[in-house]
Amino acid sequence: MTRTTVNHLGDHVGETVNLEGWLSNRRSSKKLHFLLLRDGSGTVQCVVSREKFGDEAFEPLGHIPYESSLTIEGVVKADARAQGGYELEATDVRVISEAQEYPISNKDHGPDFLLSHRHLWLRSRKQVALMRIRDEVLRAIRGFMHDREFLCIDAPIFTPNACEGTSTLFEVNYFDDETAFLTQSGQLYMEAAAMAYGKAYCLGPTFRAEKSKTRRHLTEFWMWEPEMAHSDLDDVMDLAEDALRTIVEAVLTNRGEDLEVLKRDIEALERVREPFPRISYTEAVEKMHEKGHEFEWGGDFGARDEALISSLYPQPVLIHRYPQEVKAFYMKRDPQDDRLALGVDVLAPEGYGEVIGGGQREDDLDLLQGRLRAHGLSEEAFAWYLDLRRYGSVPHGGFGLGIERTVCWIAGIEHVRECIPFPRMLYRIYP
RNA sequence: UCCCCGGUAGCUCAAUUGGCAGAGUAGGUGGCUGUUAACCACUUGGUUGUUGGUUCGAGUCCAACCCGGGGAGCCA
């Protein structure tokens with residue numbers, strides 16, 4: 001007896017196989033039951049005939065509750081009437097565990113209900129497709145890093161102090177009377193890693209305790225942070241553009257069916273193959289003025305400003321050289337213009353907003369010490385970070401990419417909460 | 001933290017001016033010649049978020065609180 005999964009049925013036409021899954025739906029008539037079996041790899045219609053099973057075996061199969069776990073044995077048939085092109089002519093149906101009344105139906109549900117049932121919601125077709133795309137994005141990133149000879153160097157989750165000194169962090173008690181924080185970014189550690197290995201990256205969860213309440217925010221999200229020694233802002237921008245192009249290409253190539261399930265506009269994604277526009281902060285401000293949008297040079301972009309700029313391009317847009325006041329202390333200043341920092345943000349198209357933030361780091365010890373003081377940060381806490389400038393400092397840079405925002409954009413989803421298996425948000429930490 | 005919206009059956013929602021709390025769906029029963037969110041008939045199911053107030057009478061009006069959603073700020 002061949003044990004297989006729904007996605008491989010095409011290799012077994014005419015054979016008798018065994019499938020293990022859950023009952024996702026059922027349609028019945030007097031002579032036939034159509035049992036829809038979902039096994040994680042796909043869903044297949046299994047035909048149960050009264051004639052073959054006999055009345056006694058046939059009747060109860062019309063009453064199996066939804067989401068009961070089943071094994072079904074049957075002959076694989078290619079059939080144009082079946083969704084997916086194949087169906088199983090059942091010869092045996094065994095119930096592993098009969099489900100209680102399943103709360104999630106095929107009809108609409110509200111976000112509160114679905115989020116409270118996230119552990120079950122993950123079973124639904126759209127969520128499975130989305131998780132596959134998330135997996136593909138992560139796989140593409142790791143493959144891209146491997147191809148570019150970056151080393152994966154994981155950053156710590158517990159940190160002794162704020163990385164950037166700006167965001168609100170989650171505090172945790174760290175033995176006795178010591179306080180630790182959940183990491184907000186692995187970047188500073190990646191700078192150490194880049195000095196050790198040349199090219200390094202981390203990919204893991206990060207935490208922000210800000211009380212943000214929008215479709216783009218989670219309190220726990222995953223971030224990919226590559227960092228390169230001997231690199232400048234242009235190298236960082238090249239890496240960011242190549243990375244996004246590679247990720248989108250991988251999803252288009254390998255997850256077409258899932259994009260279809262999500263009804264994603266494929267043409268919008270295909271435009272990512274074209275070069276990404278790169279404009280300076282100052283040019284972006286000028287463009288806003290041209291559009292009659294009020295904005296004063298020197299401030300950071302708000303949601304509306306970002307939306308306006310990204311709406312001008314079908315590709316992700318790179319905005320570089322921001323006023324240094326709005327950027328973190330470790331950003332290197334532009335040697336051409338002292339008011340500017342060599343930072344870059346990448347805005348995803350279609351209104352999805354910032355997916356990447358990064359830039360070139362300050363590599364001069366004296367300047368960095370000055371910036372720490374100016375930002376009111378303790379030199380003692382950052383002593384190890386300053387060491388990186390004491391012992392063989394080089395120009396270097398990198399960026400952070402928000403995994404869920406990237407998945408959200410590529411999959412065309414409304415809210416990042418669906419783009420992580422178990423979202424953590426303001427006022428929601430269950431299940 | 002601020003602004004806006006909402007909370008009625010397991011779920012999605014309706015309920016006119018303050019006047020008997022309803023539908024679809026899920027669950028149950030029966031029917032149906034291969035169904036595609038199957039369909040048809042019947043049927044179970046209610047502390048209207050909580051507390052208080054106004055009123056002959058409150059799902060509806062008022063107050064406070066609780067919970068959730070959307071957005072802003074901040075960020076990825």
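Atom set for the values below is all heavy atoms of this structure, side chains included, hydrogens, waters and symmetry mates excluded. Numbered from 1 within each chain, the chains take letters A, B, ... in sequence-line order.
Remark: A72(B) base-pairs with U1(B); criterion is Watson-Crick or G-U wobble with both hydrogen-bond distances under 3.5 Å. Across every strand in view, A41(B) sits in a pair with U29(B) that passes the Watson-Crick or G-U test at under 3.5 angstrom. The partner of A64(B) is U50(B), by the rule that a Watson-Crick or G-U pair needs both atom distances under 3.5 Å.
Considering only the side chain of Phe113(A), U12(B) comes nearest among A76(B), U12(B), A72(B). Each of G68(B), G69(B), C75(B) was ranked by its minimum atom distance to the side chain of Asp112(A); first place goes to G68(B). Here the nucleotide nearest the side chain of Asp79(A), chosen from A76(B), U29(B), G34(B), is G34(B). Side-chain atoms of Val47(A) lie closest to G34(B) of the nucleotides A76(B), G34(B), G69(B). Nearest nucleotide to the side chain of Glu210(A), out of C74(B), G69(B), G34(B): C74(B). Distances from the side chain of Arg216(A) to the nucleotides A76(B), A26(B), A72(B) place A72(B) closest.
RNA chain B is contacted by both Glu354(A) and Pro103(A); Pro103(A) maps to the nucleotide lying nearer its 5′ end (nearest heavy atom per residue). Comparing Phe301(A) and Arg417(A) against RNA chain B, the residue whose closest nucleotide sits nearer the 5' end is Arg417(A).
With hydrogens and angles left out, the side chain of Glu87(A) and the base of G34(B) share a donor-acceptor pair within 3.5 Å. Counting distance only, with no hydrogens placed and no angle test, the side-chain atoms of Ser212(A) and the base atoms of C74(B) include a donor-acceptor pair under 3.5 Å. The base of C11(B) does not come close enough to the side chain of His109(A) for any donor and acceptor atom to sit less than 3.5 Å apart. Residue Arg428(A) places no side-chain atom within donor-acceptor reach of the base of C67(B), judged by atom type and a 3.5 Å distance cut-off alone.
Tyr281(A) and Phe301(A) have parallel rings, their planes meeting at less than 30° on a 0 to 90° scale where 60° marks the start of perpendicular.
Near RNA chain B, meaning a heavy atom under 4.0 Å away, the residues from residues 4-35 of chain A are Asn25(A), Arg27(A), Ser28(A), Ser29(A), Lys30(A), Leu32(A), Phe34(A).
With C1' as the reference atom, A38(B) and U25(B) are 14 Å apart, rounded to whole Å. Nucleotides A21(B) and A15(B) place their C1' atoms 7 Å apart, quoted to the nearest Å. Only the C1' atoms considered, G19(B) is 10 Å distant from A58(B), to the nearest whole Å. To the nearest whole angstrom, the two P atoms, one in A37(B) and one in C5(B), are 38 Å apart. For the C1' atom pair drawn from U51(B) and U47(B), the interatomic distance equals 13 Å after rounding to whole Å. Rounded to whole Å, the C1' atom of G34(B) lies 47 Å from the corresponding atom of C67(B). Spacing of C1' atoms, U50(B) relative to G7(B), comes out at 11 Å, to the nearest Å. Comparing the C1' positions of G73(B) and C11(B) gives a spacing of 35 Å, expressed to the nearest Å.
Following rounding to the nearest Å, Asp305(A) (CG) and C74(B) (P) show an atom-to-atom distance of 10 Å. What separates CG of Leu114(A) from P of G69(B) is a distance of 12 Å, to the nearest Å. The nearest whole Å value for the distance from the NZ atom in Lys126(A) to the P atom in A37(B) is 17 Å. The interatomic distance linking Leu169(A) (CG) with C75(B) (P) rounds to 13 Å, in whole Å. Rounded to an integer number of Å, the gap from OH of Tyr427(A) to P of C2(B) is 9 Å. The OH-P distance, from Tyr322(A) to C75(B), rounds to 11 Å in whole Å. Summarising the geometry, the separation between CE on Met425(A) and P on G70(B) is reported as 8 Å, rounded to the nearest angstrom. One atom, CD of Gln187(A), and another, C1' of C75(B), lie 14 Å apart when rounded to the nearest Å.
For His217(A), no side-chain nitrogen or oxygen approaches OP1 or OP2 of G73(B) to under 4.0 Å. One finds no side-chain N or O of Arg208(A) lying less than 4.0 angstrom from the OP1 or OP2 phosphate oxygen of G73(B).
When the salt bridge (charged side-chain N to carboxylate O under 4.0 Å, His left out) test is applied to Arg26(A), no partner is found at least two apart in sequence or on another chain.
Aromatic pair Phe144(A)/Tyr201(A): centroids not less than 6.0 angstrom apart.
Within 6.0 Å of CD in Glu15(A) there are more than 12 heavy atoms belonging to other residues, nucleotides or ligands. More than 12 heavy atoms of other residues, nucleotides or ligands lie within 6.0 Å of CZ in Phe113(A), so this atom counts as buried by the packing criterion.
No contact: Gly353(A) has no heavy atom under 4.0 Å from any strand. Backbone-only contact: His415(A) has heavy atoms under 4.0 Å from sugar-phosphate atoms and none from a base. Within the nucleic acid shown, Glu404(A) has no heavy atom closer than 4.0 Å to any nucleic acid atom. Contacts of Leu36(A) with the nucleic acid, taken as non-hydrogen atoms under 4.0 Å apart, are absent.
Relative to the ring axis of Phe207(A), Arg424(A) does not place its NZ or CZ within 45° and under 6.0 Å from the centre.
Closest of all the heavy-atom pairs between Ile279(A) and Tyr313(A) is CG2-OH, 3.7 Å.
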Trp22(A) vs Tyr66(A), ring-ring contact (aromatic ring centres under 6.0 Å, His included): CA-CA, chis, key distance, verdict: CA-CA 8 Å; Trp22(A) 293 263; Tyr66(A) 291 156; over 10 Å; no

Before giving the answer on ring-ring contact (aromatic ring centres under 6.0 Å, His included), spell out for Phe382(A) and Tyr330(A) the whole-Å C-alpha distance, their side-chain angles and the decisive distance to 0.1 Å. CA-CA 11 Å; Phe382(A) 288 94; Tyr330(A) 51 71; 9.3 Å; no

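Among Glu191(A), Gln360(A), Lys199(A), the one residue that satisfies the side-chain hydrogen bond (donor to acceptor under 3.5 Å, both in side chains) test with His396(A) is Glu191(A).
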